[in-house]
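Positions are given from 1 along the sequence.
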Amino acid sequence: MEKLVVAGPRRLARSLLAELQHAGVVHIDPLRPAELGEFRLTPQEESELKRWEAIASGADRTLAVLGAVPAANTAFSGSLEEAEAQVKPWVERADVLGRERGALEEELQTIQLFGAAAQALAGLTHGIDQSPRFGVIPFLVGKAEELGPVRAALEVALQDRFLLDSAPMDKQVAAVVVVKRQDLEAARSALSRLGLAELRFPGAYASLPLTQVARRMREREKIAPEELAGVREEIAKLGRESLAPLQALLTRARDEVLRYKTASDLAAGKYGMALMGWVPQDAKPKVEEALSKLRDQIVYTFEPVDEHHEADQVPVTLKNPAWAKPFELLHGFLNTPKYGSYDPTLNIALFFPLFFGMVVGDIGMALFFGYLAWFFGSRARQGKGVLIPLVNALITPPVGRDISKLLTWMAVSAGVWGFLYGEFFGTLFERLKLPGLNGGTLFYPNDGEHHGIFPILLNRLDVAETSTLLIVVSLALGILQLFYAFGLRAYMGFKHHHTSHMWEGIGYLAGLTGIVAFAYTFLTGVGAPITTFILIAGLAVFAVAMFQVARSLGAIMGYLVMPIELLGKGGQILSYIRIYAVGLAGAVLYKLANDAGFAMADQLGPIGIVIGFLVGAIMFVLITLITIMGHVLQPIRLLWIEFGNNYGFFDEVGRAYRPFKSVRDQ
């Protein structure tokens, strides 16, 4: 990343911003030198900004009426006046049609909700609701038995000066109370004390008597759908006429608004202005090409970044190979690495699928994640987002494309480990006998007593046989991850002159090396002289590092905290056993589902096959719902907490690179 500084006449500010927006690679920061003030728009520019905002708002509102998602398009090339003239009739027409459609849809919804009640209640009143001497109170109850207390309450309040009648409906009971006008409030109070409220119709029906409400609803129920269809056809016609031009107008208007508002980040004097931004080194030619159009009227310079003093200010753009880039999703929402620090994307891209595959290890689940990958990829290729109902979040096509690639890696890893474990939704393919193989199965235990097509190479359900190997592999991954994390901690501390961080990394790396060596000898009884020396040397280096950390921080706490934390770091290595344990728990649950299903099939005959299949399928679904979140979160948790915390991922927050560019490139 390099710093860009541009200076020139104030009158060229918008031309400069237009060229930089076209280049689309400069991250512009507010420039506030003591000698210059903030760039302020002239009254004419303020007026133009408001007009472009009105165009953007109108086009956006019209697209909403058309049911079209705003999408960046080739920008409208005309003047502001031409843009206003073109968008105005479409906006006015869309506003009218939108209001008509909304009113008709609301009316039809009202008829759907209240139509049956209105007809039943109007049938009970026999026109009395239109009498000037009597008042009618309509209400609904759940059961006819609830009318007994109503009658009793009305008798207490009005003696015999009321009439109560009712009629059954589909799931409710419609009822009316008829009283003299002067007794209306007393009757309402009696109903209110029982928790019953007068039924009031919304909208245009609120002021009409019941008989007229029922009549109008019958009429509108026939006519309103035809009117709504006509309005929708008009909206569709408007869409065919205006969709592409509206998208172009919206793109141009948003770009113009963005330029006007970004102008406030410039510094300006009476006649001049200055701009400061950041440019990735490989994007400098684009910027130079853009600025060359103003070469004779502006001056600019690129300055190298001082990583030690400006790292907090420099925006960060992550440079990862295409296959690893989707994995930026797994840490991007937590933190952006500080400029000059470590980007964990490659580490996550290498280890997350490995951890996930070891945990899941099931071909059936691999196919499920493969389907999810296809689904997200298909929606992204169609330019459509995916709505997640539980959290009401919309996944945009670019994010959906990355999720699809990430899920593909997860599915492949789960499939490979599933083949090694010999699992398809647990032991389904191990239990399901195949015709033509004399009782053989697709996967079979490699014990000389069974046969089939593929031997199970690593049966994790055979705990006595494979648990030691899988636990050792999990621990080895933990050792590799934590040693790498503390090595990074030491290197980054040295690079950025953070003495305490450097010695922390060295101390924990040395101390853990000694502890791991001692644990190896303790568990195996092998290599005692060498591992004893490694333990002593590691603890000695740890003691030196502990002293250096305390000295650099100027506090005695380093002496007290680091030994306790060293033991905790050893516990973090042990936490990698969850890669084996969580996966084994899921496999055992799937095995239980298979055992239950096949037991029913064996004991109940032909009908047992059907029942067993249904029971097994239900259990599979429930087990998947229960375990899937943990199977995804446990591997990433190890990378976020055990690895990320120990090299300092959360210690310092960077700024994401947000280039100033056209909305059609975002």
**Student:** So do D595 and R431 actually touch side chain to side chain, heavy atoms under 4.5 Å?
**Tutor:**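 When only atoms from C-beta onward are counted, D595 and R431 do touch, with a gap below 4.5 Å.
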**Student:** Test salt bridge (Lys or Arg N to Asp or Glu O under 4.0 Å) on D343 and K319; report intermediate values, then the result.
**Tutor:** CA-CA 9 Å; D343 175 8; K319 299 290 186 181; over 6 Å; no
**Student:** Can you name the residues that form a side chain to side chain contact (heavy atoms under 4.5 Å, CB included) with Y484, not counting sequence neighbours?
**Tutor:**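 Checked Y484 against side chain to side chain contact (heavy atoms under 4.5 Å, CB included); matches are Y342, N347, L488, F643.
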**Student:** Under a 3.5 Å distance rule, please check whether H631 uses its side chain to pair with a backbone N or O of V360 as donor and acceptor.
**Tutor:**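 Here the side-chain-to-backbone pair does not exist.
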**Student:** Heavy-atom count around K325 NZ within 6.0 Å, excluding the residue itself: above 12?
**Tutor:**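 Result for NZ/K325: enclosed.
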**Student:** Determine whether a donor-acceptor pair (N or O, by modelled atom type, separation under 3.5 Å) exists between the side chain of R578 and the backbone of S575.
**Tutor:**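 Side chain of R578 to backbone of S575: a pair is present.
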**Student:** Take a 6.0 Å sphere around OH of Y657 and say whether it holds more than 12 heavy atoms from other residues, nucleotides or ligands.
**Tutor:**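 Enclosed: over 12 neighbouring heavy atoms sit under 6.0 Å from OH of Y657.
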**Student:** Between R655 and D312, does any NZ, NE, NH1 or NH2 come within less than 4.0 Å of an OD or OE carboxylate oxygen?
**Tutor:**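 Salt bridge absent between D312 and R655.
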**Student:** Begin from the C-alpha positions of F598 and L428 and carry the test side-chain contact (heavy atoms from CB on, under 4.5 Å) through to its verdict.
**Tutor:** CA-CA 9 Å; F598 278 96; L428 180 60; 4.0 Å; yes
**Student:** Would you give the length of the straight line joining atom CG of D402 to atom CD of E328, rounded to the nearest 0.5 angstrom?
**Tutor:**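 Going from CG on D402 over to CD on E328, the span is 8.0 Å.
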**Student:** Tell me the closest heavy-atom pair linking V632 and M410, and the distance in Å.
**Tutor:**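 Closest heavy-atom pair between V632 and M410: CG2-CE, 4.4 Å.
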**Student:** Do V26 and W278 have side chains that get closer than 4.5 Å, going by heavy atoms?
**Tutor:**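 Counting from C-beta outward, V26 and W278 never come under 4.5 Å.
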**Student:** Other residues, nucleotides and ligands only: do more than 12 of their heavy atoms fall within 6.0 Å of CZ on F483?
**Tutor:**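 Atom CZ in F483 is crowded, with more than 12 foreign heavy atoms closer than 6.0 Å.
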**Student:** Using residues 467-480 as the side-chain source, report each donor-acceptor pair under 3.5 Å to any protein atom, sequence neighbours left out, with the distance given to one decimal.
**Tutor:**
unit_1	atom_1	unit_2	atom_2	d
S467	OG	V463	O	2.6
S474	OG	L470	O	2.9

**Student:** More than 12 heavy atoms of other residues, nucleotides or ligands under 6.0 Å from CD of E465: yes or no?
**Tutor:**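 At most 12 heavy atoms, drawn from other residues, nucleotides or ligands, come within 6.0 Å of this atom.
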**Student:** Give the minimum heavy-atom separation between M1 and P315, together with the two atoms involved.
**Tutor:**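 So the minimum-distance heavy-atom pair works out to CE-O, 3.3 Å.
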**Student:** With a 6.0 Å cut-off on ring centres, are F454 and Y444 close enough?
**Tutor:**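 No.
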**Student:** Verify the distance criterion only: is there a donor paired with an acceptor across the side chains of S378 and Q382 at less than 3.5 Å?
**Tutor:**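 A pair is found: one side chain offers a donor N or O, the other an acceptor, under 3.5 Å apart.
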**Student:** Does NZ in K284 sit with more than 12 non-hydrogen atoms of other residues, nucleotides or ligands closer than 6.0 Å?
**Tutor:**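 Above 12, so yes.
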**Student:** Could you state the interatomic distance from CG (D462) to OH (Y421), rounded to the nearest 0.5 Å?
**Tutor:**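 Interatomic distance, D462 CG to Y421 OH, rounded to 0.5 Å: 13.5 Å.
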**Student:** Under a 3.5 Å distance rule, please check whether D362 uses its side chain to pair with a backbone N or O of G426 as donor and acceptor.
**Tutor:**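 Checked: pair present.
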**Student:** Report yes if the side chains of R379 and P397 come closer than 4.5 Å at any heavy-atom pair, otherwise no.
**Tutor:**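 A side-chain contact is absent here, since even the closest heavy-atom pair is not under 4.5 Å.
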**Student:** So do M546 and P563 actually touch side chain to side chain, heavy atoms under 4.5 Å?
**Tutor:**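 Answer yes - side chains close enough.
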**Student:** Please enumerate all residues that pass side chain to side chain contact (heavy atoms under 4.5 Å, CB included) together with K405, with sequence neighbours excluded.
**Tutor:**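 So K405 forms a side chain to side chain contact (heavy atoms under 4.5 Å, CB included) with P326, R401.
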**Student:** If we ignore hydrogens and angles and just use 3.5 Å, is the side chain of D602 paired with the main-chain N or O of G597 as donor and acceptor?
**Tutor:**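 No: the side chain of D602 does not pair with the backbone of G597.
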**Student:** Hey, can you tell me if F327 and F352 have their rings parallel, tilted or perpendicular (30° and 60° cut-offs)?
**Tutor:**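 It falls in the perpendicular class, over 60°.
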**Student:** If you apply the rule side-chain contact (heavy atoms from CB on, under 4.5 Å), what do you find for T336 with L318, and how did you get there?
**Tutor:** CA-CA 9 Å; T336 298; L318 303 179; 5.6 Å; no
**Student:** Can you confirm whether W417 sits close enough to L420 that some side-chain heavy atom of one is under 4.5 Å from a side-chain heavy atom of the other?
**Tutor:**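 W417 reaches L420 side chain to side chain.
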**Student:** Can you tell me how far the CH2 atom of W503 sits from the CZ atom of F542, to the nearest 0.5 Å?
**Tutor:**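 W503 atom CH2 to F542 atom CZ measures 12.5 Å (nearest 0.5 Å).
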**Student:** Please lay out, stage by stage, how I395 and F376 fare under the test side-chain contact (heavy atoms from CB on, under 4.5 Å).
**Tutor:** CA-CA 9 Å; I395 297 176; F376 279 97; 3.7 Å; yes
**Student:** Counting only heavy atoms not in L350, do more than 12 fall under 6.0 Å of its CG?
**Tutor:**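 Yes, the 6.0 Å shell around CG holds more than 12 heavy atoms from other groups.
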**Student:** Show the numbers, then the answer: is there a side-chain contact (heavy atoms from CB on, under 4.5 Å) between L275 and L31?
**Tutor:** CA-CA 6 Å; L275 173 148; L31 181 60; 5.8 Å; no
**Student:** Does K591 pair with E423 as a salt bridge, N-O distance under 4.0 Å?
**Tutor:**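 Looking at K591 and E423, the cut-off is not met.
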**Student:** Is NZ or CZ of K3 both nearer than 6.0 Å to the six-membered ring centre of F302 and within 45° of the ring axis?
**Tutor:**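 No, a cation-pi geometry is absent between K3 and F302.
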**Student:** Can you name the nearest heavy-atom pair linking A528 to T532, along with the distance?
**Tutor:**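 Reported closest heavy-atom pair: O-OG1, 2.6 Å.
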**Student:** Is there a donor-acceptor pair closer than 3.5 Å between any side-chain N or O of T441 and the backbone N or O of G452?
**Tutor:**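 No, because the side chain of T441 does not come within donor-acceptor range (under 3.5 Å) of the backbone of G452.
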**Student:** Look up atom CD1 in I579 and atom CG in L354, then write down how far apart they are to the nearest 0.5 Å.
**Tutor:**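 One finds 7.0 Å between CD1 of I579 and CG of L354.
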**Student:** Can you name the residues that form a side chain to side chain contact (heavy atoms under 4.5 Å, CB included) with T396, not counting sequence neighbours?
**Tutor:**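 Testing T396 for side chain to side chain contact (heavy atoms under 4.5 Å, CB included), a comparison that skips the adjacent residues, returns P398, V399.
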**Student:** Hey, what do you get for CG (L633) to CZ (F356), rounding to the nearest 0.5 Å?
**Tutor:**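 It comes to 10.5 Å.
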**Student:** Taking the side chain as every heavy atom from C-beta outward, state whether E430 and F424 have any atom pair closer than 4.5 Å.
**Tutor:**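 SC-SC contact between E430 and F424 ruled out.
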**Student:** Within the 3.5 Å criterion, strictly below it, is a donor on Y590 or T624 matched to an acceptor on the partner's side chain?
**Tutor:**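 Indeed, the side chains of Y590 and T624 share at least one donor-acceptor pair under 3.5 Å.
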**Student:** To the nearest 0.5 Å, what is the distance between CE on M358 and OG on S413?
**Tutor:**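 Answer rounded to 0.5 Å: 9.5 Å.
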**Student:** Any side-chain heavy atom of L639 sitting closer than 4.5 Å to one from F355?
**Tutor:**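 Of all side-chain heavy-atom pairs linking F355 with L639, at least one is under 4.5 Å.
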**Student:** Show me the donor-acceptor pairs within less than 3.5 Å that the side chains of residues 518-527 make with the rest of the protein, sequence neighbours left out.
**Tutor:**
unit_1	atom_1	unit_2	atom_2	d
T521	OG1	V526	O	3.0
T521	OG1	T531	OG1	2.4
T524	OG1	Y520	O	2.6
T524	OG1	V526	N	3.3

**Student:** Considering non-hydrogen atoms only, spot the tightest contact between V287 and L4 and give its length.
**Tutor:**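 Looking at all heavy atoms of both residues, the shortest contact is CG1-CD2, 3.9 Å.
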**Student:** Can you confirm whether more than 12 heavy atoms, excluding those of W409, are under 6.0 Å from its CH2 atom?
**Tutor:**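 Not more than 12 within 6.0 Å, no.
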**Student:** Are side-chain N/O atoms of Q313 and Y339 paired as donor and acceptor at under 3.5 Å?
**Tutor:**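 Looking only at side-chain atoms, Y339 and Q313 do not form any donor-acceptor pair under 3.5 Å.
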**Student:** Would you say that L566 contacts I515 through its side chain, given a criterion of any heavy-atom pair below 4.5 Å between the two side chains?
**Tutor:**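 Contact flag for L566/I515 side chains = yes.
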**Student:** Considering all heavy atoms of both residues, which atom of A593 and which atom of I623 are nearest to each other, and what is their separation?
**Tutor:**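 So the two residues come closest at CB-CD1, 4.0 Å.
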**Student:** At their closest point, which heavy atom of I348 faces which heavy atom of P353, and how far apart are they?
**Tutor:**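 I348 and P353 have their closest heavy atoms at O-CD, 3.6 Å.
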**Student:** Kindly list each side-chain donor-acceptor pair under 3.5 angstrom involving residues 644-652, sequence neighbours excluded, with atom names and distances?
**Tutor:**
unit_1	atom_1	unit_2	atom_2	d
N646	OD1	K569	NZ	2.7
N646	ND2	Q572	OE1	2.6
N646	ND2	E642	O	2.5
D651	OD2	R489	NH1	2.6
D651	OD2	R489	NH2	3.3
E652	OE2	K338	NZ	3.2

